[in-house]
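Data first, discussion second: the structure below is written as structure tokens.
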Amino acid sequence: MKLALALLIPCALVAQRKTGSPLDHLPPEFEVLTHFGERADISPDNARVAFMAKSFGDAFVIDLKTREIRCLTRNVPAAVFLRVMHLKTGDYILIGPDHFEDVRTSRSRDNELWFLAAAPGSKPVRLGEKMSEGAAISKHSMRIAYSQTRTQHPEFPEGYSRLLTAEVDLTGAPHLINQKVVYESKDNGCVLEAQDFYDHDRRMTFTCYQPHNTASVMGIDLETGAITNFSKAPGTYNEPEGIFPDGEHTSVEADRQIQELGGKGGPGQIDIWKLKLDGTGKDFVRLTHFNDYEGWKASNPVVSTDGRFMAFQVAHSADQAGVGYGIVVERFR
């Protein structure tokens with residue numbers, strides 16, 4: 001009888017997810033910025049937030065003071081971009097295919113880098129590099145980083161992925177220079193994606209995607225090549241997204257709350273956490289509680305360069321990673 005009671009106690013401690021929408025119960029430090037859109041990116045001067053209308057769609061930017069929203073890709077018929085990110089010049093990097101074939105092909109095999117000038121009416125310019133998922137874009141220089149897999153380069157070995165750094169050169173037609181492979185993974189036990197530069201671009205966070213919908217927060221010293229596992233939580237999902245300006249913390253898409261709420265975990269059941277980059281993996285602080293509500297999650301956070309606020313997207317647990325339904329701002333106390 002005592003054994004039966006002991007087995008029942010842990011089950012009784014599991015919290016139940018709530019019904020309804022987390023948007024109806026936002027704390028005062030949260031504000032809905034837009035009612036559509038996904039994959040926000042904050043400008044280096046913290047005055048604007050760029051975002052995608054939808055996956056395979058147009059890029060927009062909103063002025064945080066006037067709340068004016070402009071379409072950045074209005075001169076691109078049937079635009080099918082996936083990401084928009086600010087360069088320090090005020091120009092933009094776009095990521096996505098030239099045209100849409102199907103979700104899998106266009107998101108992976110045909111995904112490439114583009115340059116878009118800030119001047120109204122500008123058209124995207126190919127940078128000549130296929131790449132996987134997203135990119136790291138410096139807020140202080142023209143340095144960028146990205147990953148490549150066999151999907152973009154069939155000549156690569158099965159399971160191989162690599163991280164590269166480069167610089168955007170605006171001399172003449174925009175192009176990349178100084179491309180350098182900085183890290184390689186030999187198998188799909190760790191599929192790589194660049195995330196954020198920090199420490200004056202001397203270091204970078206990246207994601208190591210692992211089997212069974214798990215992932216780790218990783219870092220690389222770009223001067224020495226040293227690698228650090230910052231999350232140290234095998235068997236769970238931890239994806240860095242958005243570095244804090246102190247270079248000592250990153251926001252993380254993580255499923256740690258399932259220990260309390262239950263669920264299978266992985267990218268469908270994430271909320272945003274703050275992780276201290278001290279290498280212990282122990283200092284996690286939860287920033288959002290969207291996954292407290294059945295069918296909801298918060299994802300794709302970015303942090304302002306002054307550390308005063310974070311932008312992220314409202315998302316549904318059942319949707320593919322990156323799909324969002326509006327941008328929310330959290331102002332830090």
Side-chain angles (χ1 to χ4, degrees), residues 32-43 48-63 67-87 89-137 144 146-154 166 168 170 172-176 193-194 241 267 299-300 302 311-316 318-328:
V32 176
L33 188 62
T34 70
H35 292 277
F36 73 103
E38 60 193 39
R39 297 193 183 278
D41 187 71
I42 302 169
S43 63
R48 295 167 302 282
V49 173
F51 62 97
M52 299 304 304
K54 62 176 183 177
S55 298
F56 305 109
D58 281 300
F60 287 79
V61 65
I62 181 171
D63 185 296
R67 301 306 168 97
E68 176 190 11
I69 297 177
R70 290 189 299 112
C71 180
L72 297 171
T73 51
R74 62 187 180 188
N75 288 332
V76 183
V80 289
F81 295 107
L82 291 163
R83 290 172 170 85
V84 56
M85 306 176 80
H86 291 88
L87 287 165
T89 55
D91 302 309
Y92 302 93
I93 290 291
L94 293 171
I95 298 175
D98 174 72
H99 64 281
F100 183 80
E101 288 196 17
D102 60 72
V103 171
R104 182 180 180 86
T105 301
S106 299
R107 180 168 173 162
S108 53
R109 186 196 70 185
D110 297 341
N111 199 41
E112 61 180 305
L113 288 160
W114 305 74
F115 172 85
L116 179 66
S122 298
K123 291 188 176 182
V125 177
R126 268 194 171 101
L127 291 176
E129 279 281 54
K130 295 286 184 72
M131 43 88 70
S132 176
E133 293 294 332
I137 308 291
I144 70 170
Y146 52 97
S147 65
Q148 295 175 330
T149 70
R150 192 182 184 190
T151 306
Q152 296 85 43
H153 290 272
V168 180
L170 301 184
H175 59 286
L176 297 180
E193 181 186 5
E241 293 260 11
S299 67
N300 297 86
V302 286
F312 63 94
Q313 70 189 39
V314 182
H316 295 164
D319 285 333
Q320 188 176 25
V323 175
Y325 301 91
I327 308 301
V328 176

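All values below come from the heavy atoms of this structure, side chains included, with hydrogens, waters and symmetry mates left out.
Not counting sequence neighbours, R74 has no partner by the salt bridge (charged side-chain N to carboxylate O under 4.0 Å, His left out) test. Partners of H99 under the ring-ring contact (aromatic ring centres under 6.0 Å, His included) rule, at least two apart in sequence or in another chain, do not exist in this structure. Contacts of Y325 classified as ring-ring contact (aromatic ring centres under 6.0 Å, His included), with partners at least two apart in sequence or in another chain: H316. In this structure S43 satisfies the side chain to side chain donor-acceptor pair (under 3.5 Å) test together with D45, sequence neighbours excluded. Listed by chain and residue number, E133 satisfy the side chain to side chain donor-acceptor pair (under 3.5 Å) test with R83 (two or more places apart in sequence, or in another chain). Under the side-chain contact (heavy atoms from CB on, under 4.5 Å) criterion, T151 pairs with S108, R109, T149, sequence neighbours left out. In this structure Q313 satisfies the side chain to side chain donor-acceptor pair (under 3.5 Å) test together with S299, N300, sequence neighbours excluded. Under the ring-ring contact (aromatic ring centres under 6.0 Å, His included) criterion, Y146 pairs with no residue, sequence neighbours left out. Every residue two or more places apart in sequence or in another chain that forms a ring-ring contact (aromatic ring centres under 6.0 Å, His included) with F36 is listed here: F51, F60. Contacts of D110 classified as side chain to side chain donor-acceptor pair (under 3.5 Å), with partners at least two apart in sequence or in another chain: none. With sequence neighbours left out, R104 forms a salt bridge (charged side-chain N to carboxylate O under 4.0 Å, His left out) with no residue at all. Every residue meeting the salt bridge (charged side-chain N to carboxylate O under 4.0 Å, His left out) condition with E112, not counting sequence neighbours, appears here in chain and number order: R126.
Using a 4.5 Å cut-off on side-chain heavy atoms (C-beta onward), V314 and V32 make no contact. For the pair R67 and I62, the minimum side-chain heavy-atom distance is below 4.5 Å. The side-chain heavy atoms of T34 and V49, taken from C-beta on, include no pair separated by under 4.5 Å. Two residues are said to be in side-chain contact when any heavy atoms from C-beta on lie closer than 4.5 Å; F56 and L82 meet this criterion. With a 4.5 Å cut-off on side-chain heavy atoms, W114 and D98 count as touching. A heavy-atom distance below 4.5 Å is found between the side chains of I144 and L113. Annotation: side chain of P124 is not in contact with side chain of Y92 (no heavy-atom distance under 4.5 Å). In this structure, the side chains of V61 and E68 stay at 4.5 Å or more apart for every pair of heavy atoms.
The backbone N or O of H86 sits less than 3.5 Å from a side-chain atom of D41, completing a donor-acceptor pair. Of the possible polar contacts, none joining the T105 side chain to the D102 backbone as a donor-acceptor pair under 3.5 Å is found. In this structure a side-chain-to-backbone donor-acceptor pair under 3.5 Å is present from N75 to G121. Between the side chain of E193 and the main chain of S132, no donor-acceptor pair closer than 3.5 Å is present. With T73 contributing its side chain and A59 its backbone, the two residues share a donor-acceptor pair below 3.5 Å.
Atom NZ of K54 is surrounded by 12 or fewer heavy atoms from other residues, nucleotides or ligands within 6.0 Å.
Annotation for V323 and S55: closest pair CG2-OG, 4.0 Å, computed over non-hydrogen atoms. Listed here is the closest heavy atom pair of D91 and A118: OD1-N, 2.8 Å. The shortest non-hydrogen separation linking A311 to A40 is CB-CB, 4.1 Å.
To the nearest 0.5 Å, atom CG of residue L170 and atom NE2 of residue H175 are 8.5 Å apart. In this structure, the separation between CD1 on I327 and NE2 on H35 is 11.5 Å, given to the nearest 0.5 Å.
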Run the side-chain contact (heavy atoms from CB on, under 4.5 Å) check on I93 and L127 step by step: do they pass?
CA-CA 9 Å; I93 290 291; L127 291 176; 3.8 Å; yes

